[in-house]
Amino acid sequence: MYQKHRPNFLTPDPSGLGAASQAPASGASHTPVDARRLAVRRAVFATLVLGTIAALTALLVVSFSGDGVSWAEGLMIGCFLLTLPWTAIGFWNAVIGLTLMRTRRDPVAHVCPIAEGDTSVSSRSSTAILSCIRNEDVDQVAVHLDAMLGDLSRTPHAAGFTLYVLSDTDRPEIAAKEDAVFAALADRWAHVLPVVYRRRDDNPGFKAGNIRDFCVRWGANHDYALVLDADSFMSGAAIVDLVAKMDANPRLGILQTLVVGMPTSSAFARIFQFGMRLGMRSYTLGSAWWQGDCGPYWGHNAILRVNPFTEACHLPVLPGKGPLSGWILSHDQVEAVLMRRAGYEVRVIPRETESFEENPPNALEFIRRELRWCQGNLQYLKLLGLPGLLPTSRVQMVLAILMFVSAPAWLLFMATGAAIVAFGGHELVRFEQVSGFTLFVVILTMIFAPKIATVIDILADRRLRTAFGGPARIVASALTEIVFAALMAPVVAVAVSLFVAGLPFGKAMGWGAQVRDTRALPLGLCVSRLWPQMLFGFAGFAWAAVFAPSLVWPLLPVILGPAIAVPLALGTSGEWVGRLALATRLWRLPEETVPPECLLPLRLSAHAALGVAFVPPRAFFEPDLEKAEA
């Protein structure tokens with residue numbers, strides 16, 4: 001059944017607050033079962049983080065000259081404080097995550113105490129699958145959805161789902177192709193489940209507005225909605241499992257999966273997502289330990305309860321003018337805290353469950369995504385006063401802001417220190433050479449702690465060692481990824497800092513289509529986008545040569561990446577570089593060692609390069625009509 005619809009225009013919430021005091025529906029409760037345990041965990045975690053911040057700050061203060069702290073040194077201390085929360089949080093998340101992985105038989109159940117649900121019993125619930133797209137590669141989106149429906153059709157539960165392709169495409173040629181391709185997709189699966197295609201001529205509210213329009217028009221027809229991005233992919237078993245968990249836990253408002261990167265032939269994405277794969281396991285376990293029912297929502301590869309979402313998560317239109325006003329870009333965290341305010345739990349399953357996404361294929365696309373997130377997170381400054389938020393939710397919004405405030409704070413810290421050395425004497429030089437080096441090593445260890453923790457867990461587990469390619473390859477991949485991450489971090493920090501500096505002057509990011517295919521970046525484009533980073537890097541080398549030659553080596557992790565930003569971006573883009581990265585067998589994922597059956601219909605280029613044997617398409621794409629009729 002193919003349905004094509006035109007939407008009504010969205011109307012903003014006139015109160016500007018969403019549903020501020022929405023009463024929990026039946027089955028929901030303001031007081032979670034493990035409230036006391038969570039309160040203790042949060043108190044312990046806060047003590048650890050604040051104690052760490054205090055200790056590191058004290059070390060910095062003591063390291064300054066003994067004749068008092070000057071105003072410039074005071075500025076450095078203030079900037080340093082802004083960079084510490086996420087560093088300390090990441091470190092303690094990693095420590096807790098590693099402890100749970102090595103001491104608990106089922107660490108996921110320990111941090112996510114929800115009923116599993118019975119997938120052998122047919123659910124009576126109705127679930128909408130929402131594919132949110134805007135000016136995307138239509139054929140690629142259709143391949144993902146086709147394979148997903150094929151895998152879902154192998155389960156006995158496909159009849160309980162409806163696929164909605166929610167398009168915000170504004171390019172006529174792409175819109176015309178969407179109409180044809182999704183009509184064909186609907187015909188192909190007509191005997192299994194309905195497919196609805198809807199396109200808005202404009203995109204008020206961006207992705208949140210796209211989903212809001214679905215809630216207003218069709219939300220009453222469904223119990224749950226599985227939210228997907230254009231590059232998302234989930235197996236049928238993973239989807240059915242989410243529905244079973246929602247059925248078994250009526251207090252759950254949003255259940256987020258742990259999203260991992262698909263096998264890819266992009267060198268940049270391979271290195272990046274290998275690092276994410278390492279960091280996410282320990283980090284997410286540790287954060288779930290103290291966040292509990294105030295967990296994260298990342299806006300995709302998650303299932304939500306439609307009725308409370310519709311009633312409680314209508315986002316406000318931010319007042320005023322400028323980039324931080326109007327529709328909210330980073331909608332997910334706001335929707336999570338509003339759902340929690342309505343009395344429903346928001347949880348993450350810190351386990352890899354065949355829930356995939358595609359990561360940015362090159363450095364420029366990665367930076368562009370970071371800047372969009374930066375603008376969206378800084379909009380939370382206008383939302384901190386929302387009434388009725390739980391304390392943990394409010395802290396999460398503050399941390400989301402600090403995530404992008406820390407980059408300019410870090411650069412200002414460096415610039416102030418350089419100015420002191422250049423114009424204020426040599427006391428700081430002695431600090432950098434002695435105490436500063438110790439502080440630098442401690443901070444660097446804390447930053448990479450989530451990855452180190454997961455590597456330790458993988459090396460201690462024979463099954464995981466095999467899945468990731470063996471001990472030698474794991475260690476080599478982890479070390480090279482850490483070097484790559486260290487080179488990229490200041491490159492991104494410079495971009496974020498310049499963007500933040502431009503916000504008062506109207507600099508803003510839109511919600512455009514993302515580049516998802518692997519292609520070689522043009523030299524001119526890289527230079528035009530990354531010249532500020534190169535200028536920063538070369539200026540750092542020049543400063544060290546003139547004022548403090550002995551500091552070149554300690555400064556190398558800060559200035560080398562920006563200095564080589566253009567060749568770094570060029571060298572990690574392009575098909576041939578990706579093929580070379582695949583040939584080395586470095587940064588290998590378990591889905592490359594043993595490809596899951598659900599991914600085979602996608603015919604990923606990484607799998608092809610690794611010699612994976614594909615089953616003929618019809619074996620995957622043709623619906624099982626006998627099962628559907630039964």
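Just so you know, residue 1 is the first one in the sequence shown, and it goes up from there.
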Worksheet entry | Side chains of S355 and T353, donor plus acceptor under 3.5 Å | no
Worksheet item: What distance do L402 atom CG and L378 atom CG have between them, rounded to the nearest 0.5 Å?
Response: 10.0 Å
Worksheet item: Which distance, rounded to the nearest 0.5 Å, do you find between the NZ of K245 and the CG of D118?
Response: 11.0 Å
Practice prompt. Would you please test L149 and F161 for side chain to side chain contact (heavy atoms under 4.5 Å, CB included) and show each step?
Written response: CA-CA 10 Å; L149 295 183; F161 293 87; over 6 Å; no
Item to complete: For the pair N249 (side chain) and A115 (backbone), establish whether a donor and an acceptor sit closer than 3.5 Å, ignoring hydrogens and angles.
Response: yes
Worksheet item: Taking all non-hydrogen atoms of both residues, which atom of L329 and which atom of Q379 are closest, and how far apart?
Response: N-OE1, 2.8 Å
Worksheet item: Within a strict 4.5 Å, meaning less than it, do heavy atoms of the S393 and R341 side chains meet?
Response: no
Practice prompt. Write down the atom of D229, the atom of G299, and the distance for their closest heavy-atom approach.
Written response: OD1-O, 4.3 Å
Worksheet item: Is there a donor in the side chain of N93 and an acceptor in the side chain of W289, or the other way round, less than 3.5 Å apart?
Response: no
Discussion item. Tell me whether Q291 contacts the main-chain N or O of Q396 through its side chain, where contact means a donor paired with an acceptor under 3.5 Å.
Written reply: no
Worksheet item: Taking atom SG of C215 and atom CG of N210, what is their separation to the nearest 0.5 Å?
Response: 10.0 Å
Worksheet item: Heavy-atom distance under 4.5 Å between the side chains of V138 and K177, does that happen here?
Response: yes
Worksheet entry | Smallest separation among heavy atoms of T155 and A237, with atom names | CG2-N, 4.5 Å
Practice prompt. Would you kindly say whether W327 and N203 are connected by a side-chain donor-acceptor distance under 3.5 Å?
Written response: no
Discussion item. Between S325 and K321 (side chain of the first, backbone of the second, donor and acceptor by atom type, cut-off under 3.5 Å), is there such a pair?
Written reply: yes
Discussion item. Quiz question: by atom type and distance under 3.5 Å, do the side chains of H222 and Y164 form a donor-acceptor pair?
Written reply: yes
Worksheet item: When you look at NZ of K507, are more than 12 heavy atoms from neighbouring residues, nucleotides or ligands closer to it than 6.0 Å?
Response: no
Worksheet item: Side-chain contact, heavy-atom cut-off 4.5 Å: L163 with W189?
Response: no
Discussion item. To check you understand the geometry: which heavy-atom pair defines the closest contact between G261 and F356, and what is its length?
Written reply: O-CD2, 4.2 Å
Worksheet item: Side chains of M339 and E345: closer than 4.5 Å at any heavy-atom pair?
Response: no
Item to complete: Could you tell me whether D293 and R42 have a side-chain N and a carboxylate O separated by less than 4.0 Å?
Response: yes
Discussion item. So L166 and Y197, do their side chains get closer than 4.5 Å, heavy atoms only?
Written reply: no
Practice prompt. Could you tell me the separation between the CZ atom of F366 and the CG atom of L371, rounded to the nearest 0.5 Å?
Written response: 10.0 Å
Practice prompt. Classify the side-chain pair T257/N301 by whether it contains a donor and acceptor separated by less than 3.5 Å.
Written response: no
Worksheet item: Quick check: does any side chain N or O of D202 sit under 3.5 Å from a backbone N or O of P204, one acting as donor and the other as acceptor?
Response: no
Fill in: Atom of T518, atom of S266 and distance for their closest heavy-atom approach
OG1-CB, 3.5 Å
Worksheet item: After noting the C-alpha distance and the side-chain angles of D223 and R124, does the key distance pass the salt bridge (charged side-chain N to carboxylate O under 4.0 Å, His left out) rule?
Response: CA-CA 10 Å; D223 300 286; R124 296 183 179 181; over 6 Å; no
Fill in: T119-D241 side chain donor-acceptor pair, cut-off 3.5 Å
no
Item to complete: For the pair T284 and R351, evaluate side chain to side chain contact (heavy atoms under 4.5 Å, CB included) and give the outcome as yes or no after the intermediate values.
Response: CA-CA 9 Å; T284 309; R351 177 193 294 126; over 6 Å; no
Item to complete: Drop me the distance from H157's NE2 to S122's OG, to the nearest 0.5 angstrom.
Response: 5.5 Å
Practice prompt. Salt-bridge test for R519 and E365: reply yes if a basic N is under 4.0 Å from a carboxylate O, no otherwise.
Written response: no
Discussion item. Pairing donors with acceptors under 3.5 angstrom, does anything connect the side chains of D170 and N135?
Written reply: yes
Fill in: Expected output: side-chain R394 to main-chain L384 donor-acceptor under 3.5 Å
yes
Worksheet item: Quick one: NE2 on H144 to CG on L602, what's the gap to the nearest 0.5 Å?
Response: 5.0 Å
Worksheet entry | From CA spacing to verdict: side chain to side chain donor-acceptor pair (under 3.5 Å), S167, T169 | CA-CA 5 Å; S167 171; T169 293; 3.1 Å; yes
Practice prompt. Identify, with sequence neighbours excluded, every residue that meets salt bridge (Lys or Arg N to Asp or Glu O under 4.0 Å) alongside R305.
Written response: none
Practice prompt. Given side chain to side chain contact (heavy atoms under 4.5 Å, CB included), test L242 with I239 step by step and report yes or no.
Written response: CA-CA 5 Å; L242 285 181; I239 294 172; 5.9 Å; no
Worksheet item: Tell me, do E178 and I133 make a side-chain contact under 4.5 Å, heavy atoms counted?
Response: yes
Fill in: Test side chain to side chain contact (heavy atoms under 4.5 Å, CB included) applied to L383 and L318, step by step
CA-CA 8 Å; L383 295 169; L318 301 180; 3.5 Å; yes
Worksheet item: Is there a donor-acceptor pair under 3.5 Å between the side chain of Q333 and the backbone N or O of Y297?
Response: no
Worksheet item: With a 4.5 Å heavy-atom cut-off, do Y224 and L255 have their side chains touching?
Response: no
Discussion item. If you define the side chain from C-beta out and look only at heavy atoms, does anything of Q140 sit under 4.5 Å from E358?
Written reply: yes
Discussion item. Given 3.5 Å as the limit, does a donor-acceptor pair link the side chain of S131 with the main chain of V165, or not?
Written reply: no
Worksheet item: Quick one: does E357's side chain have a donor or acceptor within less than 3.5 Å of a partner on M262's backbone?
Response: no
Discussion item. Any donor-acceptor pair under 3.5 Å linking the side-chain atoms of D247 with those of S123?
Written reply: yes
Discussion item. Can you tell me how the ring of Y283 sits relative to the ring of W86, calling it parallel under 30°, perpendicular over 60° and tilted otherwise?
Written reply: parallel
Fill in: R134, K207, R200, R199 screened by salt bridge (Lys or Arg N to Asp or Glu O under 4.0 Å) with D168, the one that passes
R200
Discussion item. Testing the basics here: between L258 and P350, what is the closest heavy-atom pair and its distance to 0.1 Å?
Written reply: CD2-C, 3.9 Å
